[in-house]
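So the structure is just underneath, and the comments pick up after that.
Numbering of ligands and ligand atoms starts at 1, following listing order.
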Amino acid sequence: MDAAAAAQPNIALIKYWGKRDDALNLPAAGSLSITLDALHTRTAVRFDAALADDDVVLNGKRDPEQTRRIGAFLDLFRARAGVTTRAHVETANDFPTGAGLASSASGFAALAVAADGALGLGLTARELSRLARRGSGSAARSIFGGYVEMAAGTRADGTDAFASPLLDAAEWPLGVVIAITMRGTKAISSRAGMRASQLTSRYYREWIASVPNDLVTARAAIAARDFQQLADVSEANCLAMHAMMLAARPALIYWNGATLDCIQRIRALQADGIEVFFTIDAGPQVKAVCLPGATATVAGALRAIGGVQDVLISGLGGGARLVERRG
Ligand code: DP6
């Protein structure tokens with residue numbers, strides 16, 4: 001059988017950075033994100049009894065490491081379906097891969113939905129979120145659209161570690177402006193960076209302990225559509241994560257000069273009364289979240305910064321979905 005799915009990346013406002021279990025990819029704390037609408041991953045999966053191995057084409061290329069990771073992920077679905085059939089997977093992003101734009105989030109969310117469709121498993125969104133988490137923690141959130149919260153859970157088997165939707169995109173539309181300050185793949189993957197933080201940062205435990213309070217504040221801000229409250233808690237959470245990363249040995253410095261220039265520019269816009277805030281993940285790109293009416297002003301201001309190579313503009317969008325199914 002044959003199925004294709006689409007999903008969008010999400011941007012965490014309350015960050016996931018740290019695991020309580022590596023094998024099941026369980027987060028050490030919860031997280032909260034917004035799903036975008038303008039950037040997409042499209043993934044087609046075809047199970048084929050004639051194949052001896054999985055065949056994975058990512059953005060037109062075959063890569064042994066990606067094939068291994070995607071094959072291991074598909075094993076979870078094969079086990080559910082009670083089959084061993086190998087698959088052909090074709091996946092493509094319409095945005096830069098591996099540059100701190102969470103291509104693994106939309107990637108594993110789209111793959112989960114496509115694999116479920118191709119095998120006819122009919123899993124629930126919650127079950128797909130749990131499975132997507134095994135591919136990448138942030139992917140659990142891209143199963144859903146709009147505002148999404150990921151639960152850390154407490155169970156050792158991970159059955160309570162899944163994402164849930166908080167609010168639809170249309171209920172509180174926001175704009176997102178992404179300033180690309182570096183092209184190409186980041187230096188240290190999220191996975192390696194999380195491990196290094198946990199093992200070597202003197203602030204790791206404080207960071208993890210601080211997340212539940214930030215989640216309470218962010219959840220309340222979203223329920224009340226309180227932009228200022230969401231801005232304050234999101235910036236504080238992002239900066240606390242980066243402060244903890246800076247204290248790792250060796251230090252994890254994901255920013256470049258243009259990253260800091262963007263932060264300063266956004267602070268100047270805030271001083272001028274523009275409703276915008278920044279957040280930064282494991283890379284040097286800056287994501288500015290704003291009210292939809294401010295998007296053009298924010299994009300213009302960030303585009304004018306030397307070192308900003310490109311600016312992407314998005315709104316908030318829906319969750320991962322099947323776009324085609326045959327067989
Ligand atoms: C900084 O989901 O890529 O973007 O579970 O190891 O695959 P793995 O990590 P990943 O980490 C995302 C980290 C982040 C913050 C976030 O999206 O919450």
Side-chain angles (χ1 to χ4, degrees), residues 7-36 39 41 65-66 68-70 72-73 76 93 95 97-112 129-144 147-153 158 161-163 176 178 185-198 201 204 207-208 210-211 214-215 218 233-235 237-246 248 252-255 259 278-287 289:
Q8 290 96 252
N10 66 77
I11 290 177
L13 303 183
I14 306 302
K15 308 292 185 188
Y16 150 54
W17 196 262
K19 300 182 197 285
R20 65 180 171 92
D21 182 272
D22 286 336
L24 291 173
N25 205 31
L26 298 173
S31 58
L32 188 152
S33 61
I34 45 180
T35 303
L36 303 183
L39 317 174
T41 298
E65 174 52 27
Q66 293 291 347
R68 191 204 54 74
R69 194 167 167 197
I70 287 175
F73 185 71
L76 303 171
N93 299 322
F95 59 97
T97 301
L101 284 178
S103 58
S104 65
S106 49
F108 282 106
L111 186 59
S129 176
R130 276 194 203 101
L131 283 162
R133 185 203 75 227
R134 302 280 297 271
S136 212
S138 52
R141 301 185 309 239
S142 270
I143 292 294
F144 301 102
Y147 299 77
V148 180
E149 182 170 352
M150 173 76 194
F162 52 81
V176 179
I178 301 169
T185 309
K186 64 195 164 203
I188 300 166
S189 71
S190 297
R191 201 150 286 197
M194 283 187 207
R195 183 164 305 128
S197 300
Q198 182 164 3
S201 175
Y204 178 78
W207 153 251
I208 293 298
S210 75
V211 174
D214 286 351
L215 284 170
V233 72
S234 300
E235 289 190 355
N237 180 272
C238 162
L239 292 173
M241 178 184 76
H242 284 277
M244 178 274 294
M245 291 164 159
L246 289 171
L252 287 164
I253 306 177
Y254 282 108
W255 300 3
T259 310
F278 63 82
T279 188
I280 303 155
D281 293 303
Q285 328 299 11
V286 177
K287 289 99 177 190
V289 181

Original post:
Arg191 heavy atoms, cut-off 4.0 Å: which ligand 1 atoms fall inside?
Top reply: 5 (O), 6 (O), 7 (O), 8 (P)
Subject >> Qualifying residue, where the test is side chain to side chain contact (heavy atoms under 4.5 Å, CB included) with Ser31 and the options are Lys15, Arg141, Glu149 >> reply: Arg141
Original post:
Which atoms of ligand 1 are found less than 4.0 Å from any heavy atom of Asn25?
Top reply: 5 (O)
Original post:
What part of Arg69 sits under 4.0 Å from ligand 1 if we count only heavy atoms: the side chain, the backbone, both or neither?
Top reply: side chain
Original post:
Counting from 1, what ligand 1 atoms have a heavy atom of Ala12 closer than 4.0 Å?
Top reply: 16 (C), 17 (O), 18 (O)
Original post:
Ala282 heavy atoms, cut-off 4.0 Å: which ligand 1 atoms fall inside?
Top reply: 1 (C)
Subject >> Minimum-distance pair of heavy atoms, taken over all atoms of Ser129 and Ile143 >> reply: CA-CG1, 3.7 Å
**OP:** Mind checking side chain to side chain contact (heavy atoms under 4.5 Å, CB included) for Ser142 and listing every partner two or more places apart, or none if nothing turns up?
**Re:** Asn10, Ala105, Ala109
**OP:** State whether the shortest distance between N or O atoms of Met194 and N or O atoms of ligand 1 falls below 3.5 angstrom.
**Re:** no
Original post:
Any side-chain heavy-atom pair from Leu39 and Asn93 closer than 4.5 angstrom?
Top reply: no
Original post:
For atom 18 (O) of ligand 1, which candidate among Trp17, Phe108, Tyr16 holds the nearest heavy atom?
Top reply: Tyr16
Original post:
What residues form a side chain to side chain contact (heavy atoms under 4.5 Å, CB included) with Ile208, not counting sequence neighbours?
Top reply: Ala28, Ala29, Tyr204
**OP:** Look only at the side chain of His242 and the backbone of Ile280, and say whether a donor-acceptor pair between them is shorter than 3.5 Å.
**Re:** yes
Original post:
Under 4.0 Å from ligand 1, counting heavy atoms only, is it the side chain of Asn10, its backbone, both or neither?
Top reply: neither
Subject >> Numbering as shown, the atoms of ligand 1 that approach Lys19 to under 4.0 Å (heavy-atom distance) >> reply: 5 (O), 6 (O), 8 (P)
Original post:
Which bit of Ser104 gets closer than 4.0 Å to ligand 1, counting heavy atoms only: side chain, backbone, both or neither?
Top reply: side chain
**OP:** Return the option from Met150, Arg133, Arg141, Arg134 holding the heavy atom at the smallest distance from atom 16 (C) of ligand 1.
**Re:** Arg141
Original post:
Just by distance, do the side chain of Arg195 and the backbone of Asp22 share a donor-acceptor pair under 3.5 Å?
Top reply: no
Original post:
Under 3.5 Å, is there a donor-acceptor pair between the side chain of Ser201 and the main chain of Met244?
Top reply: yes
Original post:
Are Val211 and Tyr16 close enough that some pair of their side-chain heavy atoms sits under 4.5 Å apart?
Top reply: no
Original post:
What are the atoms of ligand 1, with element, lying closer than 4.0 Å to any heavy atom of Gly137?
Top reply: 2 (O), 5 (O), 7 (O), 8 (P)
Original post:
Mind checking whether Ser138 has an N or O less than 3.5 Å away from an N or O of ligand 1?
Top reply: yes
